[in-house]
Structure formats: C-alpha cells, structure tokens
Amino acid sequence: MAQIAEIADAVAPAPTLPQRIVLARGWTRRAIAFCAGAAGALALAPFDFIPAMFAPLAVAVWLIDGAADGEDSPRFALAPILSAAGAGWWLGFGYFVAGLWWMGAAMLVEADQFAWALPLAVFGLPAILALFPAAGFAAARLLWSRGGLRVFALAAGLSAAEWLRGHLFTGFPWNDFGMALAGAGPLAQSASLVGLYGLDILAIVIFAAPATLIDRASRGAGRINWTMLTATFLAMLMLAYGVFRLGANQTEYVDGVKLRLMQPNLPQDAKFRPENGANILRHYLALSERASNESASGLAEFTHLVWPESAFPYIISQKPQTLAAIARALNGGVLLTGAARAEGDGDGRRGRIFNSIEALRGETIVAFYDKIHLVPFGEYLPLEELLRPLGINHLVPGIWDRGAGPRLLFAPGLPLVAPLVCYEAIFSGDAIERGAQRPRLFLNVTNDGWFGRTTGPYQHLAQARLRAIEEGLPMIRVANTGVSAIIDAYGRILQSLPLGEEGVIDGRLPREAAPTAFAIYGALTFPALLALSTALALVGVARRQPSPPARALAVRRGPAPMPPGPQCRPSDAKRSSRDGA
C-alpha cells in the first residue's frame, strides 16, 4: 500500500492555483481571502482597473467551495456555514481596508483631538463592514451546489448583503461591488435600467463566472459552460446597450442658464475657524470674480454662481455685511451655496442648526434645503449618551439637526432642483423623492477636504455620477477641494476641476433625459433580479450534480474537509496509480 501511495503521489498532477485555494486552511485561507479582497479595490475609482474585480469574486467561489464539511454534509450544517462566513469576513475586510483607508485622513485634520481614532477609521470600520460579506457568503453557502449555477448563489447572497449594508443603521453603500462597472465606460449605462444594487448582481455574475472554468474536467471536454457563456453574453449585451445609449443621445443644454462653479481648495483645518470668516469670504469673492478668459469679465456674464458645502464658519443669515458683499458681487445673479442654517424656537433654548443649501438673490435667502442624511460620527454621534462621556465626539464642530424636507429646491432661474449635500449622493434610489414632481437636475455640494489627496474624493465623484445615469438627470457638483464637475444626464463629465486645485468652471446647464427605467421601476428591479438569481441557484441545488473530480488532492493531504468544488475523485487517483504501475 505504501508503494501504491508513493506511485500515486508521483503520477498525480500538482494541484492548480484554484485547487490550492479550495483546499487552503487556517491562516493561509484567511490571507488568500484578505489579499483577494484588497486586490478588488483596484477596480474602483480612481484606478478603474476593471479586471481587478475578478480577483475577489472568482476567489469567493473557490473559498465557498472549500467550506464543505465532507462530501455529503447536510446543507444546514453549522461548520461549513461558519467556514464560508469566515472567508467572507476576511475577503470583505481586505476589500474595505484597501478601498476605505482614506477615511483615516479625516482623523488627522484635528490630530490633537482625533488621532487616537485613526486605527478605528482604517481598520475598525472595515472590520464592521466586513460582517455584511460574511453574511452574504453564509447565505450563498446555503444555496451552494457543485455546478456553474453556484455563481448565482453567490450573486444572491452577496448582493442581498450589499443591499442591507446600504440600508441598515442609516446605510453606508460606499464601494459596492457593482461600482466596478460604474467606471467601465458604456457598461455603466446599465445603471439606468437596474440601479446600483442591480449592478451588484450583474457584476458578481460576470466577475465570478470565470471561476467555473476549472469545472471543465467534471463536465467533460465537449460540454458547454453555460454559466460562463451567460456571463459573457450579459457583459456584451450591457456593452452594446451602453454604446447605443451614449451614441444616440448627445448632450443638449438649457437656454438662458450660464453657470460658474467655484472650487476654493481651502485647507480643512482652517475652514471651520470663525476668526477666518472674513478672509474666507474675500477669497471666495475674489476667486468667483476672476476672469476665466480674455472676453469674460468676472460674474457679469453668469446667471448662477455655485459655492461648495459648509462654505462659511458662521451663519450668513446672521451677517448682514456678508449678504451685502455677496449681493454686490452677484450684480443681479443668484448664488447657490452650502451653508449652516439656523432655526430658532423662541423659548430660550438652543435653536436648530442644519447643514443646508441656500439660494441667495440680492441680500435675501430666497430658498433653502436642509440635509436629511447626516454622516454618523461626522455630523452626529450615534449612542451619544453613552459615547460622549467617554470623550468621543463627532468630527464636524457644532450640533447638527436632520432636515425634514421638502426634497426639492426652487431656485430662481433654474429648473426644479434635487439637492444633495455631501454623501447624500451615494444613496441609490433615494436621491429623489418618489411620487413627487420630477426634478430636472441634481445639485451636489460637498466638502471632501477632510480626506486630502486620497482616493476618497474620486470614489465620491464616481458615485455621484452614477446617480445621474440612474435617474437621467444632469448634475452640477461643487466640492471645496475637488472634484467639481458638470455632468450630463448620461453620466458624461463635460467639465471638471482636478483634486487639490482652486479655480472656476464656466459652463452651461445640460438638459435632463427622459425618465429612465430605473427612475420608473427602480423599486422593483433589484427584488426581481435577486429572485431570479435565487431561483437559478435553487435549480443548481435541485440537480444535485455528481461530485466534481480531484478528491485525490484532499486524500493525499490528510483528513481536511472535502470541498464541493472541482477536484479529483479518489477513484481517478487509484486508477492513475494502477496505470502508472
């Protein structure tokens, strides 16, 4: 028997990389998951190296393959479910550390107060967010099968987890897996049909399908890999749709609106100091009146001037001299600016303070919008009664209140505006109020200066751009340090200012497109695709395909749990050893 085993070891082929991943255990398995997840962040802005998303999603299939507990383990056995969840946590942890490391930069703006929280921002938040892909992997394991349809089990479980991440505890849908398609040129146009969460499902299927190519030995050389064929057809269909949509719709403009967007590029540590208020106003006015070419003369040629979020370290409605200086500069135009807005209650207690967009004509604030989605730990402190006595505070100075609506801004001289303050632009399906009058443009003012020259501001821009594609609405985006841009209703960036530079953008207002399928049926698209993915996964479960080959790898390595993924049957190994003998 010893001689037969030695011959089998000599004759059997060395395990391939996918087989090594399937059979990996302990810290090797965790390291593979972490590194695969981290590699996936290269598919996001500003790198937009789309093939990088194959790493986490193809490896995810092999990791769940390796989460089996014996060839005929019960589907609801706890050990394989926990094994899959553990792999999902490590993969998600790597993905979020690599994709969200820039959040640590915010802790260094006021380092004397918040430097201690740097590890929490860089590692603690990703550790919490990784619980969602962990749950997604566990759900996928419950639907797992041995054929190509297991890709749809991954799509169902992981996309459902991404939807939950975007909604639970006020939601944080930053860097969904579907964002890999947001920077993929024409492929991003599919968001007009299915939205971000639909893109999650499509991305998981497309990028995970190549993992099934190693199943070829179990199918036989002549059989068709229908999963890979479906994923390829899906990608080609999305590409064709995007090329057609962009080619058939050129940018058109609204008559009578001339915009100037001002990007001041103020240092974040100076922006909220009240003693800097006069200098900040002078800087804003000088930059806004700057001639952008030989024929332009300051603000005289523009109907609307736009400034970024939280433009002032004080409440401008309480500063008549500030309103007067702005009115003189506008010369009859309209200013749209981020600003703190106060609303007193008249009973001697503190009034309410909102992070707002205000429209000024002359010396009068003629319209406003109050931010609804406040940033946890940025603008408010969750569990405040518990955390504040421990010395933990939120980043933005002051006490901020949540706006109550309405969700529209009626600005003089502009079509109906859907305002988005800062990260309100990341919430797919919630950027406009359903059932209300349809707006004709997005106005996104933001202050990404907290994050310096990192990848964060580029990721924020990519998500804001996706809202324009989803809803078929142009977007005017003004950021303190960048990236400011004019984006048309198809997501094309018409003009922009680089990150970390001061300057102005002079341009026209693009027209809105016809309501997209997502704008009309957005509430139904993700549930429909999720149901389809789940149904296909259940078909794979019902088929109960025969065990894939290559169990000899596990036999040679001892009593490690037997994964359901593609390997070699022990009988094949014995037959090979006899043939070799």
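By convention here, the first residue in the shown sequence is residue 1.
The CZ atom of F54 lies 10.0 Å from the CZ atom of F49; values are rounded to the nearest 0.5 Å. For the atom pair CG of L164 and CG of L131, the computed distance is 12.0 Å after rounding to the nearest 0.5 Å. Expressed to the nearest 0.5 Å, how far CG of L529 lies from CD1 of I201 amounts to 5.0 Å. Between atom CG of residue L466 and atom CG of residue L461 there is a gap of 11.0 Å, rounded to the nearest 0.5 Å. Atom CD1 of I487 and atom CG of L473 lie 12.0 Å apart (nearest 0.5 Å). To the nearest 0.5 angstrom, R341 atom CZ is 12.5 Å from I357 atom CD1.
In terms of modelled atom types and a separation under 3.5 Å, the side chain of D401 and the main chain of F354 share no donor-acceptor contact. At least one donor-acceptor pair closer than 3.5 Å links the side chain of H460 to the backbone N or O of C422. Looking at R290, its side chain never comes within 3.5 Å of a backbone N or O of A286 through a donor-acceptor pair. Proximity of a side-chain donor or acceptor of D506 to a complementary backbone N or O of R260 within less than 3.5 Å is not detected. Using modelled atom types, one side-chain atom of R165 and one backbone atom of W174 make a donor-acceptor pair closer than 3.5 Å. Between the side chain of E162 and the backbone N or O of F177 there is at least one donor-acceptor pair closer than 3.5 Å. Using modelled atom types, no side-chain atom of R361 and backbone atom of P412 make a donor-acceptor pair closer than 3.5 Å. Between the side chain of R465 and the main chain of G491, a donor-acceptor pair closer than 3.5 Å is present.
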**Request:** Let me see the working for Y241 and L193 under side chain to side chain contact (heavy atoms under 4.5 Å, CB included), right down to the final yes or no.
**Result:** CA-CA 10 Å; Y241 171 74; L193 302 174; 3.6 Å; yes
**Request:** Could you please spell out the steps behind the side chain to side chain contact (heavy atoms under 4.5 Å, CB included) verdict for L57 and L158?
**Result:** CA-CA 10 Å; L57 295 178; L158 196 52; 3.9 Å; yes
**Asked** Taking it one step at a time, do T446 and E309 satisfy side chain to side chain contact (heavy atoms under 4.5 Å, CB included)?
**Response** CA-CA 5 Å; T446 187; E309 178 193 13; 4.1 Å; yes
**Request:** Evaluate the side chain to side chain contact (heavy atoms under 4.5 Å, CB included) criterion for residues V445 and W307: first the C-alpha distance (whole Å), next the side-chain angles of each, then the deciding distance (0.1 Å), finally the verdict.
**Result:** CA-CA 7 Å; V445 299; W307 290 351; over 6 Å; no
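Residues in residues 513-526 take part in no side chain to side chain donor-acceptor pair (under 3.5 Å) pair, two or more places apart or across chains.
Counted by atom type alone, T454 and W101 present zero donor-acceptor pairs between their side chains at under 3.5 Å. Neither side chain, Y284 nor T337, offers a donor N or O lying under 3.5 Å from an acceptor on the other.
Ring-plane geometry between W163 and F526 is classed as parallel, the angle between the planes falling under 30 degrees on a 0 to 90 degree scale with a further cut at 60. Using bins of under 30°, 30° to 60° and over 60° for the plane-to-plane angle, the ring pair W90/F93 lands in the perpendicular bin. In this structure, Y423 and H373 have perpendicular ring planes: the angle between them is above 60°, well past the 30° mark.
Nearest heavy atom pair, residue L199 against residue S190, reads CD2-CB, 4.1 Å. Residues P308 and N480 come closest through the heavy atom pair CB-N, 3.5 Å. The minimum heavy-atom distance linking P510 with P474 is given by the pair O-CG, 3.2 Å.
For the pair R440/L414, no side-chain contact is recorded, criterion being any heavy-atom separation below 4.5 Å from C-beta on. Put simply, the side chain of L416 does not reach to within 4.5 Å of the side chain of E512, judged on heavy atoms.
Between E424 and R402, none of the side-chain N atoms (NZ, or NE/NH1/NH2) sits under 4.0 Å from a carboxylate O, so this pair counts as no salt bridge.
Y458 is linked by a ring pair (Phe, Tyr, Trp, His ring centres under 6.0 Å) to nothing, counting only residues two or more places apart in sequence or in another chain.
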